[in-house]
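Written out below as structure tokens is the structure these notes cover.
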Amino acid sequence: MITSVGRALVLAAVPVLILTDTLTFGTLAAVVLALGVLTLFADSAAQPLLPRIRVVEPPAPRRAAGRHVGHDIVDGMRFTYRHPTLRPLAISVHVWFLGNSIVMTVFAVYALRELALPAWAFGVALAAAGVGGFVGALIAPALGARWGAGRAILFGRTLVVVPGSCWGSRR
């Protein structure tokens, strides 16, 4: 929720910058960077949520006096980043989201300016990426069961780079 409020405030800064005639490339880049960082945290937090899995859990015990949800978050982060298996996975997810945000931002400029794709073709390219992601989500459980989660994740993250590598070699 904090990241959603932060993203709303960052986006609300754009019209303010326009109205005050202070919107420059630098300020827009700062807005995009802040938006990207907040989205990185929001998406990283939302990634493990599987709302379709029903789990019956006992209610959480009441917090001790003086403790709040921030303490629980810090405890969870300590557990995650001290765990020998979860730490590399969490770090790789953070790096993945940051890299993906950067690539998708640059891809728009590259496709529209350098490749001179019309807007409709750019939209088709994004739609094709969405279809690819959907197909990947359908086959991921089978690959995970067959190869193991780590190898399936590595394969998926490697495979997603292939289209960009092919486009880059055409120029």
Side-chain angles (χ1 to χ4, degrees), residues 1-8 10-11 31-60 69 72-73 75-171:
M1 178 166 145
I2 293 171
T3 55
S4 295
V5 171
R7 288 185 290 177
V10 167
L11 287 174
V31 166
V32 170
L33 177 64
L35 188 62
V37 169
L38 290 169
T39 300
L40 169 69
F41 284 109
D43 288 351
S44 294
Q47 184 75 21
L49 178 65
L50 299 171
R52 288 185 292 281
I53 296 177
R54 295 181 192 268
V55 177
V56 178
E57 294 184 35
V69 72
D72 294 341
I73 292 170
D75 290 344
M77 289 180 69
R78 281 189 186 128
F79 176 82
T80 300
Y81 290 104
R82 288 180 179 163
H83 194 279
T85 303
L86 295 178
R87 179 182 48 248
L89 182 59
I91 291 170
S92 73
V93 166
H94 298 319
V95 170
W96 173 253
F97 277 120
L98 179 62
N100 191 51
S101 298
I102 292 168
V103 167
M104 288 309 294
T105 301
V106 172
F107 174 67
V109 174
Y110 177 72
L112 296 170
R113 286 189 182 169
E114 297 296 318
L115 297 179
L117 285 179
W120 67 265
F122 179 66
V124 169
L126 292 181
V131 170
F134 179 71
V135 170
L138 291 176
I139 64 171
L143 288 180
R146 183 176 183 136
W147 295 349
R151 287 187 185 101
I153 290 169
L154 183 59
F155 175 73
R157 291 188 180 166
T158 303
L159 186 63
V160 81
V161 177
V162 171
S165 301
C166 293
W167 280 26
S169 64
R170 287 184 162 180
R171 269 190 67 84

Just how far is it from atom [atom1] of [X] to atom [atom2] of [Y], taken to the nearest 0.5 Å?
X	Y	atom1	atom2	value
Ile139	Phe134	CD1	CZ	11.5 Å
Leu154	Trp147	CG	CH2	10.0 Å
Thr3	Leu35	OG1	CG	10.5 Å
Leu143	Leu138	CG	CG	11.5 Å

> Is Ile2 atom CD1 crowded by more than 12 heavy atoms from other residues, nucleotides or ligands, each under 6.0 Å away?
Replying inline: no
>> Counting only heavy atoms not in Arg87 (residues, nucleotides, ligands), do more than 12 fall under 6.0 Å from its CZ?
In response: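 Buried by this count: over 12 neighbours within 6.0 Å.
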> Would you call Phe122 and Leu115 a side-chain contact if the rule is heavy atoms closer than 4.5 Å?
Replying inline: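 No; the side chains remain at least 4.5 Å from each other.
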> Which pair of non-hydrogen atoms, one from Ala90 and one from Thr80, has the smallest distance, and what is that distance?
Replying inline: CB-CG2, 3.8 Å
>> Using every non-hydrogen atom in the two residues, find where His83 and Pro88 come nearest and quote the distance to one decimal.
In response: O-CD, 4.2 Å
